[in-house]
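Before anything else, here's the structure in question.
Note that ligands are numbered from 1 as they come in the structure, with each ligand's atoms numbered from 1 the same way.
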Amino acid sequence: MMRKNKYALITGATSGIGYQLAKQFARNGYDLVLVARNHDELKVKADEFKSFNINVIPIAKNLFSEEDAYFLYSELKLNGISPEILVNNAGQGVYGKFQDTDIHREVDIIKLNIISVIILTKLFLKDRLSQGSGKILNLASVASKAPWPWHSIYHGTKAFVLSWSEAIREELKDTGITVTALLPVLYRYRLFQ
Ligand SMILES: NC(=O)c1ccc[n+]([C@@H]2O[C@H](COP(=O)([O-])OP(=O)(O)OC[C@H]3O[C@@H](n4cnc5c(N)ncnc54)[C@H](OP(=O)(O)O)[C@@H]3O)[C@@H](O)[C@H]2O)c1
C-alpha cells in the first residue's frame with residue numbers, strides 16, 4: 001500500500017532542539033521539511049534522516065527576513081506540499097544591557113523569534129483550516145514566564161510566543177488544529193552568540 005506523505009516542517013532543524021525533534025518525527029514515519037540557513041549542514045542532516053526511509057526536503061532560508069518566511073511557504077505550495085505539522089523552533093537571543101546591545105541584531109532576533117513565526121503560522125493555518133487538521137508546536141521557553149535583565153529582548157520575544165500561542169489555541173479549539181507551546185529550561189548558551 002502506498003504510504004500517504006505526512007510532512008512536518010521544522011525550522012532550525014540542523015541543531016539542538018530542532019534537530020532532536022526532527023529525529024523523533026523521522027522515527028515516527030513523518031516526511032520532513034528541514035529549514036535553516038546553512039546549506040551544508042542542511043544537506044548533512046537531510047542525508048542522515050533519509051536513512052529512516054522518509055522523504056526529506058532541505059530548504060535554506062534566513063528567517064531574519066520576513067520575505068524568506070513567505071518564500072518558504074510558496075516554495076512548498078509550488079511543490080504541492082501541505083505540511084500537517086509546523087514546528088516554529090528557530091530562535092536566537094542576545095546577552096547584555098539593553099543600552100549597550102546592537103539594535104540591528106535585536107531587530108533580527110525579533111524578526112526570527114516573532115515575525116517569521118507569525119507569518120509561517122498564518123500561512124499554515126490558511127492551508128490547513130480547510131482540511132480540518134494540523135498541529136503547531138511553538139518553541140517558547142521558561143524565559144516566557146518572567147522578564148530577565150541582560151536577556152531583555154529574548155525574554156520579551158518568548159513572552160510573546162507563549163501569550164500568542166495560548167490566545168490562538170483558544171481561537172482554534174473547534175477546528176481540528178492544535179497549538180502547543182514548549183517551554184524548555186535553558187540548557188546551553190549557544191543561543192546567545
Ligand atoms: N537551548 C536552550 O537552552 C533553550 C531553552 C529554552 C528554549 N529554547 C528555544 O528552543 C529553540 C531552539 O533552541 P536551540 O538552543 O536548540 O537552538 P540552536 O541549537 O542554536 O539551533 C538553532 C537552529 O536554528 C537555525 N537558525 C538560527 N537562526 C536562523 C535564522 N535566522 N533563519 C533560519 N534558521 C535559523 C540554526 O541553523 P543555521 O545557523 O544554519 O541557520 C539551527 O538549525 C529556540 O527557539 C530557543 O529560543 C532553547
Side-chain angles (χ1 to χ4, degrees), residues 8-26 32-49 56-76 83 85-96 101-121 123-124 135-148 150-166 179-193:
L9 161 56
I10 303 167
T11 67
T14 55
S15 81
I17 295 169
Y19 168 66
Q20 295 301 333
L21 288 171
K23 208 185 288 182
Q24 291 305 320
F25 282 112
L32 297 175
V33 179
L34 308 176
V35 181
R37 289 166 300 176
N38 186 306
H39 290 80
D40 294 342
E41 269 305 304
L42 275 169
K43 187 175 173 342
V44 169
K45 296 300 188 299
D47 288 346
E48 178 188 331
F49 290 134
V56 186
I57 303 176
I59 303 185
K61 290 283 177 250
N62 183 353
L63 296 174
F64 285 153
S65 145
E66 60 186 88
E67 286 78 18
D68 269 24
Y70 286 112
F71 287 148
L72 166 58
Y73 233 86
S74 42
E75 266 181 55
L76 292 177
I85 295 181
L86 169 64
V87 182
N88 285 307
N89 166 75
Q92 292 192 26
V94 61
Y95 174 83
T101 42
D102 176 7
I103 187 64
H104 300 294
R105 170 113 179 94
E106 288 169 331
V107 169
D108 277 348
I109 287 168
I110 291 167
K111 288 184 177 170
L112 176 66
N113 295 10
I114 297 180
I115 304 296
S116 286
V117 170
I118 63 171
I119 291 171
L120 291 178
T121 303
L123 297 173
F124 178 87
K135 295 183 196 304
I136 300 166
L137 177 62
N138 293 325
L139 260 292
S141 166
V142 288
S144 306
K145 293 288 193 179
W148 209 259
W150 291 278
H151 289 113
S152 60
I153 292 292
Y154 180 74
H155 280 241
T157 62
K158 292 298 172 179
F160 173 88
V161 171
L162 179 59
S163 161
W164 165 79
S165 298
E166 288 180 343
V179 182
T180 306
L182 183 63
L183 280 68
V185 175
L186 186 66
Y187 72 97
R188 64 184 180 146
Y189 275 85
R190 184 183 185 276
L191 274 173
F192 297 100
Q193 289 161 349

Checklist entry - Between Phe64 and Gln92, which heavy-atom pair has the shortest distance, and what is it? => result CZ-NE2, 3.5 Å
Checklist entry - Do the side-chain N and O atoms of Glu106 and Thr101 include a donor-acceptor pair separated by under 3.5 angstrom? => result yes
Checklist entry - Which atom pair, heavy atoms only, marks the closest approach of Gly93 to Ile109? => result C-CD1, 3.5 Å
Checklist entry - For ligand 1, which atoms, with element, lie under 4.0 Å from some heavy atom of Asn62? => result 30 (C), 31 (N), 32 (N)
Next on the checklist: Could you tell me if Lys45 sits above the aromatic ring of Tyr19, with its cationic atom closer than 6.0 Å to the ring centre and no more than 45 degrees from the axis?
Outcome noted: yes
Item to check | Thr11 touching ligand 1 at heavy-atom level, < 4.0 angstrom | outcome: no
Checklist entry - Do the side chain of Thr157 and the main chain of Tyr154 share a donor and acceptor less than 3.5 angstrom apart? => result yes
Item to check | Under 3.5 Å: donor-acceptor pair, side chain of Lys135, backbone of Val87 | outcome: no
Next on the checklist: Closer than 4.0 Å to some heavy atom of Pro184 - which atoms of ligand 1 meet that?
Outcome noted: 5 (C), 6 (C), 7 (C)
Next on the checklist: So, regarding Val35 and ligand 1 (criterion: nitrogen or oxygen to nitrogen or oxygen, under 3.5 Å), is there a contact or not?
Outcome noted: no
Item to check | Ligand-residue contact atoms, ligand 1 with Ser15, heavy atoms, under 4.0 Å | outcome: 18 (P), 19 (O), 21 (O), 22 (C), 42 (C), 43 (O)
Next on the checklist: Can you tell me which portion of Ala13 lies within the under-4.0 Å heavy-atom range of ligand 1? Options are side chain, backbone, both, or neither.
Outcome noted: backbone
Checklist entry - Can you list the ligand 1 atoms lying under 4.0 Å from a non-hydrogen atom of Gly16? => result 16 (O), 19 (O)
Next on the checklist: Using modelled atom types and a 3.5 Å cut-off, is there a donor and acceptor pairing between side-chain atoms of Arg37 and backbone atoms of Gly12?
Outcome noted: no
Checklist entry - Would you say Tyr154 touches ligand 1, if touching means a heavy atom closer than 4.0 Å? => result yes
Item to check | Atom indices of ligand 1 within 4.0 angstrom of Val185 heavy atoms, with elements | outcome: 3 (O), 5 (C)
Item to check | Proximal atoms of ligand 1 relative to Ser141 (non-hydrogen, under 4.0 Å) | outcome: 6 (C), 7 (C)
Item to check | Ring geometry between His155 and Trp148 (parallel below 30°, tilted from 30 to 60°, perpendicular above 60°) | outcome: parallel
Checklist entry - Side chain of Asn138, backbone of Val161: donor and acceptor closer than 3.5 Å? => result no
Checklist entry - Which of the numbered atoms in ligand 1 are below 4.0 angstrom from a heavy atom of Ala90? => result 24 (O), 34 (N), 35 (C), 45 (O)
Checklist entry - ligand 1 and Ala36, any nitrogen or oxygen pair closer than 3.5 angstrom? => result no
Item to check | Ala140 heavy atom under 4.0 Å from ligand 1 | outcome: yes
Checklist entry - Does ligand 1 have any atom sitting under 4.0 Å from a heavy atom of Gln20? => result no
Next on the checklist: When you measure from the heavy atoms of Lys61 to every atom of ligand 1, does any distance fall below 4.0 Å?
Outcome noted: yes
Checklist entry - Taking only heavy atoms of Gly91, which atoms of ligand 1 are found under 4.0 Å from at least one of them? => result 44 (C), 45 (O)
Item to check | Side-chain donor-acceptor pair present, Thr121, Asn88, cut-off under 3.5 Å | outcome: yes
